[in-house]
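Worksheet: one structure, shown below.
Note that ligands are numbered from 1 as they come in the structure, with each ligand's atoms numbered from 1 the same way.
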Amino acid sequence: MSRVAHPAGPRHADVLPADHPPAPPADLNALHPAIWPRGARRNRGVLTLGGADVRDLAGEFGTPVFVTDEEDVRGRCREYMEAFGADADVYYAAKAFCSRAVLRWVTEEGLGVDVCTGGELEVALSARIDPARITLHGNNKLPAELSRAVLAGVGRIVVDSFEEIARLAYHADEAGRRPRVLVRVTTGVEAHTHEFMATAHDDQKFGFSLASGAADEAVRRVLALPSLEFAGLHSHIGSQIFDTAGFEVAAHRVAGLAARIAAEHEVTVAELDLGGGFGIAYTPEDDPPDVKSLAAGLRAIVAAQCSAFGLPVPRLTVEPGRGIIGPSTVTLYQVGTIKNVDGIRTYVSVDGGMSDNIRTALYDASYTCALASRSSDAPPMLSRVVGRHCESGDIVVRHAYLPADLAPGDLLAVAATGAYCWSLASNYNHLPRPGVVAVRDGVPRLIVRRETLDDLLRLDAG
Ligand SMILES: Cc1ncc(COP(=O)(O)O)c(C=O)c1O
């Protein structure tokens, strides 16, 4: 087992001790361009997103509300497409945020869509995404989901267990279809930010273990079933990754499997899907690589590993979720109670919380926030932005510097909440989930409606 830490580059905020706040920023009103959506500006002090004034957005749609800069999303899609080039495929991982509007934007920009449940698949199909451009993932796909995917003509199904290979073949036979299948491989590599861990064994629920020989056996079984078309191999090593080193070890191990497949079956692996996990900046300390260098790094890694095993280079696929949608979106909250806990910090309560952003509580994630409805020259006040749930762990931003004149009724914006916030949202404490508003050229458009108390009561069978 080797643990590799990459000392180069700034420290990630998440490695700071939990209660060790960073130094206050020089300018509380500044919008760090790597953290805020590309269309974020201050106009006479007020935050505007995609040309829309946040006070108008809050007035029209209420708070809390997610606001997505459409042009930011589209721009990132174009960058991924350009950086990976015509001989690669980019699939948007819909688990990061799944709505029909966003799935249409990403496919209009040339990406495919990766879904991991029947629910996400239905959203994609109802958005009229070409089924051939959809990949279905999941470690426990239900028989009905497999059948739906086969009948809909989903382009690739990533198989994850021996039972599933047999089940999929059954559904394919029954439908008279021959789905294309990727075999998900567990490489023993787990990567986060600048660190990865490479083990010889795999202790997780996803995929077929390379170390145990299960991956070789899975390929054997797929190739033996005439109703399945073996399309290639899949590996996903982690999330919020800033460094390509972990991908190198994973690609080396997968290329070893490809070489064994060539030797045993005389079959060339046509596609290598390296999954997603590309990191974004949540705080000024985060310094992810740009997409161009990331793509160049991954392409070079795949070429080198294939050449080491004397293999032709397969078509490369990547599945970014966070990297496409994460930076495009901010959550707008209204400030409520402000409580100074003497000598420690100020607790700023907002009208949402862990039900619209569980990442801080779940992963100890760090975020950047700013007073949005006006600017302020007041001195920085060390704050903790908390929600209104019945949990002391209901923290939205653990360490925030906000102007000392912050007052109830002010609007607060939390940046980079596009990925894994709305999609992990809950109704804890019976809070309705916020809506999502897309903004383009100053024009807002509701893409996910806010829940109402009626929505919550409708599910209560009485
Ligand atoms: C198989 C697979 N692909 C892609 C992704 C997307 O990851 P990210 O949003 O970090 O890019 C995930 C995330 O869990 C995943 O499991």
In the structure I gave you, are the side-chain heavy atoms of Thr331 and Phe66 within less than 4.5 Å of one another anywhere? yes
With a 4.0 Å cut-off on N to O distance, would you call Asp394 and Arg388 a salt bridge? no
Measure from every N or O atom of ligand 1 to the protein's N or O atoms and keep only the pairs below 3.5 Å, writing each with atom names and distance to 0.1 Å.
| residue | atom | partner | partner atom | Å |
| --- | --- | --- | --- | --- |
| ligand 1 | 3 (N) | Glu319 | OE1 | 2.7 |
| ligand 1 | 7 (O) | Gly277 | N | 3.4 |
| ligand 1 | 9 (O) | Gly321 | N | 3.4 |
| ligand 1 | 9 (O) | Arg322 | N | 2.8 |
| ligand 1 | 9 (O) | Tyr420 | OH | 2.6 |
| ligand 1 | 10 (O) | Gly277 | N | 3.4 |
| ligand 1 | 11 (O) | Gly277 | N | 2.8 |
| ligand 1 | 11 (O) | Gly321 | N | 3.0 |

Indicate yes or no: at least one non-hydrogen side-chain atom of Tyr428 is less than 4.5 angstrom from one of Met354. yes
Pairs satisfying ring-ring contact (aromatic ring centres under 6.0 Å, His included), at least one member in residues 114-148, at least two apart: His137-His234
If I take atom CD1 from residue Ile129 and atom CG from residue Leu103, how far apart are they, to the nearest 0.5 angstrom? 5.5 Å
For the pair Arg76 and Glu79, find out whether any cationic side-chain nitrogen is under 4.0 Å from an anionic carboxylate oxygen. no
